[in-house]
Amino acid sequence: QVQLVESGGGLVQPGGSLRLSCAASGSISSIYSMGWYRQAPGKQRELVAIITSGGSTNYPNSVKGRFAIARDNAKNTVYLQMNSLKPEDTAVYYCNTGLGPKVTWGQGTQVTVSS
């Protein structure tokens with residue numbers, strides 16, 4: 001089974017950037033889609049980016065144009081480039097499969113956007 005470890009979060013000012021990484025202990029090459037999710041306090045986890053095995057990506061309007069997801073199957077790693085960050089982006093960010101059954105959620109990485 002695939003185990004996931006997120007990293008790269010931190011405190012950043014509005015308008016700043018962060019690059020998150022999701023390292024998988026197993027191969028992700030056979031997984032059709034991988035995604036990034038976030039969960040803010042008091043809110044449900046939401047999908048913010050998804051990428052297929054063929055490289056197609058999709059984003060909700062809330063992050064479209066600001067976030068970019070990428071995957072490196074050889075490194076079993078998924079990335080999330082986050083630009084023009086806003087305070088409402090503050091959340092714990094997780095990776096997992098984008099569609100279908102989920103693997104065990106990792107600890108996530110905290111992203112805080114604040115002045």
Considering non-hydrogen atoms only, spot the tightest contact between [X] and [Y] and give its length.
X    : Y    : value
V113 : K86  : CB-O, 3.2 Å
V63  : R38  : CG1-NH1, 3.9 Å
S17  : S84  : OG-N, 4.3 Å
P60  : A49  : CD-N, 4.4 Å
A91  : A40  : CB-N, 3.8 Å
E6   : G108 : OE1-N, 2.9 Å

State plainly whether one hydrophobic cluster holds both [X] and [Y], where clusters connect Ile, Leu, Val, Met, Phe, Trp and Tyr through side-chain heavy atoms under 4.5 angstrom apart.
X    : Y   : value
W105 : I69 : no
Y93  : L47 : no
Y37  : Y32 : yes
I51  : L18 : yes
Y59  : V48 : yes

Under 4.5 Å between any side-chain heavy atoms of D89 and R66, yes or no? yes
Rounded to the nearest 0.5 Å, what separates atom [atom1] in [X] from atom [atom2] in [Y]?
X   : Y   : atom1 : atom2 : answer
Q44 : Q39 : CD    : CD    : 8.0 Å
M34 : C22 : CE    : SG    : 5.0 Å
S30 : N73 : OG    : CG    : 9.0 Å
Q3  : N76 : CD    : CG    : 13.0 Å
I28 : S33 : CD1   : OG    : 11.0 Å
T77 : R71 : OG1   : CZ    : 11.0 Å

Can you list the residues that meet the ring pair (Phe, Tyr, Trp, His ring centres under 6.0 Å) rule with F67, with sequence neighbours excluded? none
If you count every heavy atom of other residues, nucleotides or ligands that lies below 6.0 Å from Q107 atom CD, does the total exceed 12? no
NZ/K64: more than 12 non-hydrogen atoms of other groups inside 6.0 Å: yes
Side chains of S27 and S29: do they bring a donor and an acceptor to under 3.5 Å? yes
Evaluate L99 against I50 for side-chain contact (heavy atoms from CB on, under 4.5 Å), listing each step before the verdict. CA-CA 9 Å; L99 297 171; I50 188 168; 4.0 Å; yes
Check whether N96 reaches the backbone of G35 with its side chain - one donor and one acceptor, N or O, closer than 3.5 Å. no
Step by step, would you call T90 with Q110 a side-chain contact (heavy atoms from CB on, under 4.5 Å)? CA-CA 8 Å; T90 296; Q110 176 72 51; 4.0 Å; yes
